[in-house]
Amino acid sequence: MLDANIPWQRNYKYLGVTLDKNLHFRDHIERVRNTALFYKARLGAVLRRKSKLSRRNKCTIYKMCIRTVMTYASPVFAHAAPKALHRLQVIQNKFCRSATDAHWCVRNSILHRDLELPTISKYMKDASKRFFYIAGSHPNALLRAAVDYQPPHPTHLIRRPRNVLTDPPDALTAAVESLNDVNDTHD
């Protein structure tokens with residue numbers, strides 16, 4: 001352009017989402033993870049194990065400050081590889097453990113149930129459902145047409161954002177849901 005070479009970009013940040021060539025979102029998830037860890041460190045005095053703040057208030061701070069950073073634009077990257085999304089789940093697991101001052105032998109599923117926090121994958125799946133529902137009834141025909149595509153078969157190699165709606169839950173989400181079902185039957 002104007003006799004100058006334009007350098008090739010492997011990644012590009014657009015509206016807060018880091019896009020890569022193949023839309024794997026590894027760089028985006030790594031950037032979001034580092035940002036969430038930064039906020040968690042800054043809020044460490046309030047969220048730590050021996051803090052006088054109640055668990056309910058700790059969860060509210062986590063939901064408002066840390067989870068929003070991790071799940072911003074989640075309908076776009078919720079279909080990323082489970083291994084990449086697991087790195088975000090680890091941050092939430094560490095928060096649950098420190099907020100409850102739980103011993104190392106307490107399962108993460110029990111902590112999520114007690115704090116009434118959905119797992120990151122469940123939260124992203126619910127956000128994607130809301131997004132596709134709202135976009136499907138939007139007055140703009142182009143947005144409706146973009147949402148109305150049929151996702152490829154689950155065994156197909158190409159994953160698209162709507163695939164997250166049909167994915168089975170991961171092991172932690174299934175464990176939390178089974179614990180919630182057991183509690184509902186005993187009530």
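Contact between P75 and S128 at its shortest, heavy atoms only, is CA-OG, 3.5 Å. Considering every non-hydrogen atom in both D20 and L23, the closest pair reads OD1-N, 2.8 Å. Closest non-hydrogen pair, L111 versus A102, comes out as CD2-CB, 3.6 Å. Minimum heavy-atom separation, A36 to I66: CB-CG2, 4.0 Å. Residues I29 and A80 come closest through the heavy atom pair CD1-CB, 4.0 Å. Across every non-hydrogen atom of V69 and C65, the tightest pair is CG2-O, 3.2 Å.
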Pair N57-S54, side-chain hydrogen bond (donor to acceptor under 3.5 Å, both in side chains): steps then yes or no
CA-CA 5 Å; N57 290 339; S54 69; 3.2 Å; yes
Applying side chain to side chain contact (heavy atoms under 4.5 Å, CB included), run through N11 and L19 and close with a yes or a no.
CA-CA 6 Å; N11 299 327; L19 303 170; over 6 Å; no
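By the neighbour-count criterion of 12 heavy atoms within 6.0 Å, atom CD of E30 is densely surrounded, having more than that number from other residues, nucleotides or ligands. Residue R107 places its CZ atom among 12 or fewer non-hydrogen atoms of other residues, nucleotides or ligands, all under 6.0 Å distant.
Under the 4.5 Å side-chain criterion, counting only non-hydrogen atoms from C-beta, M70 is in contact with I120. For the pair P169/K122, no side-chain contact is recorded, criterion being any heavy-atom separation below 4.5 Å from C-beta on. Counting only heavy atoms from C-beta outward, the side chains of F95 and L47 approach each other to under 4.5 Å. F77 has its side chain within reach of M124: a pair of non-hydrogen atoms, C-beta onward, lies under 4.5 Å apart. By the 4.5 Å heavy-atom criterion applied to side chains, K63 and T68 are not counted as neighbours. Between D114 and T100 there is no side-chain heavy-atom pair separated by less than 4.5 Å. The side-chain heavy atoms of N93 and H112, taken from C-beta on, include a pair separated by under 4.5 Å. For the pair H28/K13, no side-chain contact is recorded, criterion being any heavy-atom separation below 4.5 Å from C-beta on.
A cation-pi geometry, defined here as NZ or CZ lying under 6.0 Å from the six-membered ring centre and within 45° of its normal, does not hold between R67 and Y62.
Following chains of ILVMFWY side-chain contacts shorter than 4.5 Å, one cannot reach V17 starting from L143, and the two form parts of different hydrophobic clusters. Criterion: ILVMFWY side-chain heavy atoms under 4.5 Å apart, direct or through other members. Under it, M64 and Y39 are not part of a common hydrophobic cluster. Under a hydrophobic clustering in which Ile, Leu, Val, Met, Phe, Trp and Tyr are joined whenever their side-chain heavy atoms come within less than 4.5 Å, directly or via other members, L179 and L115 fall into different clusters. Tracing side-chain contacts under 4.5 Å through hydrophobic residues (I, L, V, M, F, W, Y), one never reaches V90 starting from Y123; they form parts of separate clusters.
Atoms CZ and NE2, from R144 and H138 in turn, are 9.5 Å apart once rounded to the nearest 0.5 Å. To the nearest 0.5 Å, atoms OG (S121) and CD (Q89) are separated by 6.5 Å. Here the straight-line distance linking atom NZ of K58 with atom CG of L43 works out to 12.0 Å at 0.5 Å rounding. Distance check, rounded to the nearest 0.5 Å: CD1 of I91 to CG of N34 gives 8.0 Å. How far SG of C96 is from CD1 of I110: 12.0 Å, rounded to the nearest 0.5 Å. Note that CG of N108 and CZ of R113 are 13.0 Å apart. Values are rounded to the nearest 0.5 Å.
Under the 30°/60° scheme for interplanar angles, the aromatic rings of F25 and H79 are found to stand perpendicular.
Grouped by direct or indirect side-chain proximity (heavy atoms under 4.5 Å, Ile/Leu/Val/Met/Phe/Trp/Tyr only), W8 sits alone. Cluster note: L172 groups with V176 through ILVMFWY side-chain heavy atoms spaced under 4.5 Å, whether in direct contact or through intervening members.
At a threshold of 4.0 Å, the pair D27-R31 does not count as salt-bridged, since none of the basic side-chain nitrogens sits closer than that to a carboxylate oxygen.
The main-chain N or O of R26 is never found under 3.5 Å from a side-chain atom of H24 such that the two would form a donor-acceptor pair.
Sorted by first and then second residue, the salt bridge (charged side-chain N to carboxylate O under 4.0 Å, His left out) pairs involving residues 95-105 (not counting sequence neighbours) are R49-D101, K50-D101.
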